Amino acid sequence: MTETATQREPIKASEIDPKFKYELSRMHGGEKILNCFQCGTCTSDCPVARFSDTYRPRTLIHMAKLGLKERVLNSDTLWLCAACFTCTDRCPQGVEVASVIRILRNLAAEKGFAPQVFKDQAASILESGYAYKIPTLRITKRETQGLPPLPKSNPEKIRKALKGVKFLENTEKEGKQNDQ
Ligand code: SF4
Ligand code: SF4
């Protein structure tokens, strides 16, 4: 198995947060994390791991259980999960692996560790209601092909519905700072 640089670095006792696994086990979807006995079934059945030298759900679960909070939340591979839930279906210990990964992503996003591409998407949704800026050329092409205009979005309503989501609040703040 090839590991990422972060996974290869020696672990320092100071970076271990022994309470982290208990925090995760109190969150919806993380209840069974303590049951993981590192059998590796999640990794062996994961369709992403099959094509990646670095993505290993078992490793993410192990890091979380060890209390390597900052390390796992900073891990680039966290964002490779396709949320197919195969791991959850196959885990013999009932660990909801995909849900734990979702929790880890949420925590990472709250801390601003989300990849730039997701931050850009979030900023676009907050601004225009669309996940990405629709190129003018595409809009014109729709017209020439007789297609109806794209549905009108309501970013104001979206912002209201998502009020309190820290990742989006941070994204909005970052956007305002960049505009200054
Ligand atoms: S399949 Fe379940 S028990 Fe096995 S390593 Fe993955 S999470 Fe742990
Ligand atoms: S949910 Fe993610 S970790 Fe689990 S099998 Fe699918 S891609 Fe792999």
Side-chain angles (χ1 to χ4, degrees), residues 1-126 130-132 158 161-162 164-171:
M1 165 184 156
T2 312
E3 293 163 312
T4 61
T6 338
Q7 286 166 5
R8 272 200 306 270
E9 283 162 23
I11 297 168
K12 293 187 195 109
S14 57
E15 66 178 301
I16 292 173
D17 177 349
K19 291 187 190 148
F20 188 48
K21 61 183 173 190
Y22 300 113
E23 278 170 31
L24 294 173
S25 71
R26 284 193 294 272
M27 293 180 187
H28 178 60
E31 295 89 345
K32 303 275 177 61
I33 189 174
L34 302 178
N35 293 354
C36 172
F37 56 14
Q38 285 293 293
C39 66
T41 305
C42 48
T43 291
S44 63
D45 287 338
C46 171
V48 177
R50 202 176 306 155
F51 297 101
S52 164
D53 286 337
T54 54
Y55 184 65
R56 299 291 181 262
R58 175 176 73 154
T59 307
L60 295 173
I61 298 289
H62 196 38
M63 287 164 81
K65 271 191 78 185
L66 285 176
L68 299 171
K69 184 175 177 177
E70 292 293 310
R71 208 183 270 231
V72 73
L73 297 187
N74 251 312
S75 170
D76 291 342
T77 65
L78 193 56
W79 301 91
L80 294 179
C81 172
C84 69
F85 285 79
T86 306
C87 49
T88 298
D89 288 340
R90 305 271 163 85
C91 174
Q93 289 295 93
V95 180
E96 292 184 53
V97 187
S99 301
V100 174
I101 291 170
R102 186 243 316 145
I103 293 171
L104 295 172
R105 281 176 168 182
N106 285 343
L107 295 173
E110 279 179 13
K111 283 179 167 277
F113 296 156
Q116 193 56 44
V117 61
F118 295 133
K119 290 183 184 175
D120 291 346
Q121 274 188 343
S124 181
I125 289 170
L126 293 175
Y130 286 103
Y132 68 99
I158 294 172
L162 297 174
V165 177
K166 274 192 209 156
F167 169 55
L168 294 173
E169 285 180 357
N170 293 344
T171 306

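Computed from a predicted model, the values in this text were never measured in an experiment. Atoms within a ligand are numbered from 1 in the order they appear, just like the ligands themselves. Along the sequence shown, residues are numbered consecutively beginning with 1.
The closest donor-acceptor contact from the side chain of Q121 to the backbone of Y132 lies at 3.5 Å or more, if one exists at all. Under the 3.5 Å distance criterion, the side-chain polar atoms of R56 are matched with a main-chain donor or acceptor of S52. Formation of a donor-acceptor pair under 3.5 Å by the R102 side chain with backbone atoms of G29 is not found in this model. Judged purely by atom type and a 3.5 angstrom limit, K65 uses its side chain to pair as donor or acceptor with the backbone of C36.
What you find for T43 and R58 is that their closest heavy atoms are OG1-N, 3.1 Å. The minimum heavy-atom distance linking C46 with P57 is given by the pair CB-CG, 4.0 Å. Listed here is the closest heavy atom pair of V72 and F20: CG1-CE2, 4.0 Å. Contact record, G30 with I103: N-CD1, 3.6 Å, taken as the closest heavy-atom pair. Heavy atoms only, all atoms of each residue included: F113 and L73 are closest at CD1-O, 3.5 Å.
Within 4.0 Å of ligand 1, protein heavy atoms belong to C36, F37, Q38, C39, G40, T41, C42, R58, C91, P92, Q93, V95, V97, listed by chain and number.
Atoms of ligand 2 found under 4.0 Å from any heavy atom of A83, numbered from 1 in the order shown, are 1 (S), 2 (Fe). The distance from ligand 2 to the heavy atoms of F85 drops below 4.0 Å at these ligand atoms: 1 (S), 6 (Fe). Numbered from 1 in the order shown, with element, the atoms of ligand 2 that lie under 4.0 Å from a heavy atom of I101 read 3 (S). Ligand 2 places these atoms under 4.0 Å from at least one heavy atom of P47: 5 (S). For ligand 2, the atoms sitting less than 4.0 Å from at least one non-hydrogen atom of V48 are 7 (S), numbered in the order shown with element in parentheses. Residue-ligand proximity, A98 to ligand 2, at heavy-atom distances under 4.0 Å covers atoms 1 (S).
Annotation: side chain of C91 is not in contact with side chain of K32 (no heavy-atom distance under 4.5 Å).
The proximity of A49 to ligand 2, defined as any non-hydrogen pair under 4.0 Å, does not occur for either the backbone or the side chain. By the criterion of a heavy-atom distance under 4.0 Å, the side chain of Y55, and not its backbone, is placed next to ligand 2.
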